[in-house]
Amino acid sequence: MAKIKKISFSDLFNIKKLISVLCSDNILSYRRLFFVSVPTTYIQNLFYSVHLRKWPETYVISDINDNLKGLISIKAQTGNPYKWQIKRLFLAQNCHEEGKQLVEYIIAKFGARGADTFYVAVNDNQTELIDLFIKGCGFRFCSTESLWDVSNINFLVENIDEKIFKSFKNEDAQKAVDLFNETLITHYKYSLSKEKDEFKDNLFHGFNADTHFKYYIEDEKTGTMKAFIEIKTCDNKNYFIDAIIPPQYYDLAPMILSFAVKKIIKRNKNFKLYIKNRKYLQAGETFENYFKENRFELLQNNAILVRDFFKTVKEENKSFNSAVAFNGFEV
């Protein structure tokens, strides 16, 4: 009989061994945060309640002989304690049944705490893992999002008027969430809409390994946001851009991205740049075409799978034998 428990110090060696076997170097090549730092994960769980859900909670599953079969990490969306994301899932060979048990365990556990939405971003070429979530655990396909490598920066616009960019503050969160939710394609709003607090920096932001900068452009006549951009790094070398730009202001995109690049150059001239594209936003298709035209490289395309906290009709389960190494990034 399988046993599920919270990660403990005695699990560290076996977890590190499991992840080392399952993960290839290309998984780690462009984002350090995609990999589980085992000692750090343990320490994060010790201080989980103190830091107000800033870090993932991690659980492991073992057989009756205490042989490690899998690991799962789950984290509340910052600013929204009712929305939780599965961040990591590692399963040993022939352990997909244990994977389903882990997923069902955390859904039951955190659903009892009041969580009403669970989601996961899975690389769309991992069809067996997608089937595990959809057919085995009651998730449904929602949309996709992708990560692009911006190796070519010939799109840069010169002579940018930086005065139109305002530094984002927590009091601007309502404007930001209004912009995001209005930009969502209508049939995704039920599952993917955000709350105001999700745009705020939390109390313990200063302890975070990430450094981020947020800016926006305001409509001077209405006081609403025309566009929002976040620049994030964990090592001052790899930078990630996440922008919300409605279709009617798409012509601002080259200027907004150029502004972000110039801000990064001031910190480090030898940087790597990545940008996220959300297909569930109205300009998602347009941005993908823009990325292709400028010869950005697609690194990863993720399927967004969602499970709302209600009973679903069970489907006939499919049997899988391969091992699993999954490490996702935030929606």
Side-chain angles (χ1 to χ4, degrees), residues 79 145-185 194 196 198-201 205-206 208 210-297 330:
E145 61 185 21
S146 53
L147 187 68
W148 296 74
D149 181 350
V150 188
S151 55
N152 175 24
I153 57 173
N154 292 331
F155 65 88
L156 290 183
V157 177
E158 299 296 333
N159 302 320
I160 296 175
D161 182 9
E162 297 191 13
K163 293 181 181 179
I164 67 171
F165 291 90
K166 297 185 177 181
S167 294
F168 181 88
K169 300 177 182 178
N170 278 353
E171 51 262 38
D172 301 313
Q174 185 61 56
K175 295 179 181 180
V177 75
D178 289 344
L179 175 68
F180 181 87
N181 290 339
E182 289 169 5
T183 307
L184 268 174
I185 296 173
K194 291 184 177 292
K196 178 178 68 174
E198 294 182 52
F199 282 90
K200 291 182 176 180
D201 290 332
H205 170 65
N208 203 328
D210 285 354
T211 299
H212 66 242
F213 309 92
K214 302 176 184 177
Y215 303 92
Y216 68 96
I217 300 175
E218 188 175 52
D219 187 319
E220 295 181 358
K221 294 182 180 179
T222 64
T224 58
M225 277 190 188
K226 296 170 67 174
F228 170 90
I229 187 168
E230 181 176 15
I231 308 165
K232 182 181 292 188
T233 183
C234 61
D235 55 11
N236 197 32
K237 180 179 179 181
N238 296 284
Y239 281 83
F240 302 84
I241 293 177
D242 189 4
I244 305 170
I245 306 174
Q248 63 269 32
Y249 297 121
Y250 171 72
D251 59 328
L252 296 175
M255 180 180 65
I256 291 173
L257 297 181
S258 299
F259 170 80
V261 170
K262 290 186 177 183
K263 286 292 182 181
I264 295 169
I265 290 175
K266 290 180 180 179
R267 295 175 56 86
N268 185 355
K269 293 183 179 180
N270 299 313
F271 64 91
K272 293 184 178 180
L273 183 61
Y274 309 93
I275 187 166
K276 181 191 289 189
N277 185 37
R278 308 169 191 259
K279 284 287 190 70
Y280 44 86
L281 296 185
Q282 294 171 13
E285 291 288 346
T286 306
F287 272 110
E288 181 169 305
N289 293 332
Y290 175 80
F291 295 165
K292 291 178 180 178
E293 291 170 0
N294 285 278
R295 300 193 301 279
F296 296 177
E297 179 187 356
E330 292 188 6

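These numbers come from the heavy atoms of this one structure, side chains and all, not from hydrogens, waters or symmetry mates.
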Would you say the side-chain atoms of [X] pair up with the backbone N or O of [Y], donor to acceptor, closer than 3.5 Å?
{"X": "Lys232", "Y": "Asp242", "result": "no"}
{"X": "Asn294", "Y": "Phe296", "result": "no"}
{"X": "Lys214", "Y": "Phe199", "result": "yes"}
{"X": "Ser258", "Y": "Val157", "result": "yes"}
{"X": "Gln282", "Y": "Glu182", "result": "yes"}

Taking the six-membered ring for Trp and the full ring for Phe, Tyr or His, determine whether the centres of [X] and [Y] are under 6.0 Å apart.
{"X": "Phe180", "Y": "Phe228", "result": "no"}
{"X": "Tyr215", "Y": "Phe259", "result": "yes"}
{"X": "Phe287", "Y": "Tyr250", "result": "yes"}

Across all chains, not counting sequence neighbours, the side chain to side chain donor-acceptor pair (under 3.5 Å) partners of Lys226 are none
Any idea which heavy atoms bring [X] and [Y] closest together, and the distance?
{"X": "Gly284", "Y": "Asn277", "answer": "O-ND2, 3.0 Å"}
{"X": "Lys194", "Y": "Asn181", "answer": "N-OD1, 2.9 Å"}
{"X": "Lys237", "Y": "Asn268", "answer": "CA-ND2, 4.0 Å"}
{"X": "Ile245", "Y": "Ala227", "answer": "CG1-CB, 4.2 Å"}
{"X": "Ile256", "Y": "Ile229", "answer": "CG2-CD1, 3.5 Å"}
{"X": "Lys200", "Y": "Ala173", "answer": "CG-CB, 3.7 Å"}

What I want to find out is whether [X] reaches [Y] closely enough, with some N-O distance under 4.0 Å, to be called a salt bridge.
{"X": "Glu145", "Y": "Lys279", "answer": "no"}
{"X": "Lys166", "Y": "Asp172", "answer": "no"}
{"X": "Glu162", "Y": "Lys262", "answer": "no"}

If we ignore angles and hydrogens, is there a donor and acceptor under 3.5 Å between the side chains of Asn289 and Glu285?
-> no
Over 12 non-hydrogen atoms of neighbours within 6.0 angstrom of CD in Glu220 | no
Going through the distances and angles, do Lys196 and Asp178 end up as a side chain to side chain contact (heavy atoms under 4.5 Å, CB included)?
-> CA-CA 8 Å; Lys196 178 178 68 174; Asp178 289 344; over 6 Å; no
Taking the side chain as every heavy atom from C-beta outward, state whether Ser146 and Phe291 have any atom pair closer than 4.5 Å.
-> no
Evaluate the criterion side chain to side chain contact (heavy atoms under 4.5 Å, CB included) for residue pair Arg267 and Asn236; output intermediate values, then yes/no.
-> CA-CA 8 Å; Arg267 295 175 56 86; Asn236 197 32; 3.6 Å; yes
With under 30° as parallel and over 60° as perpendicular, where do the rings of Tyr274 and Phe240 fit, or are they tilted in between?
-> parallel
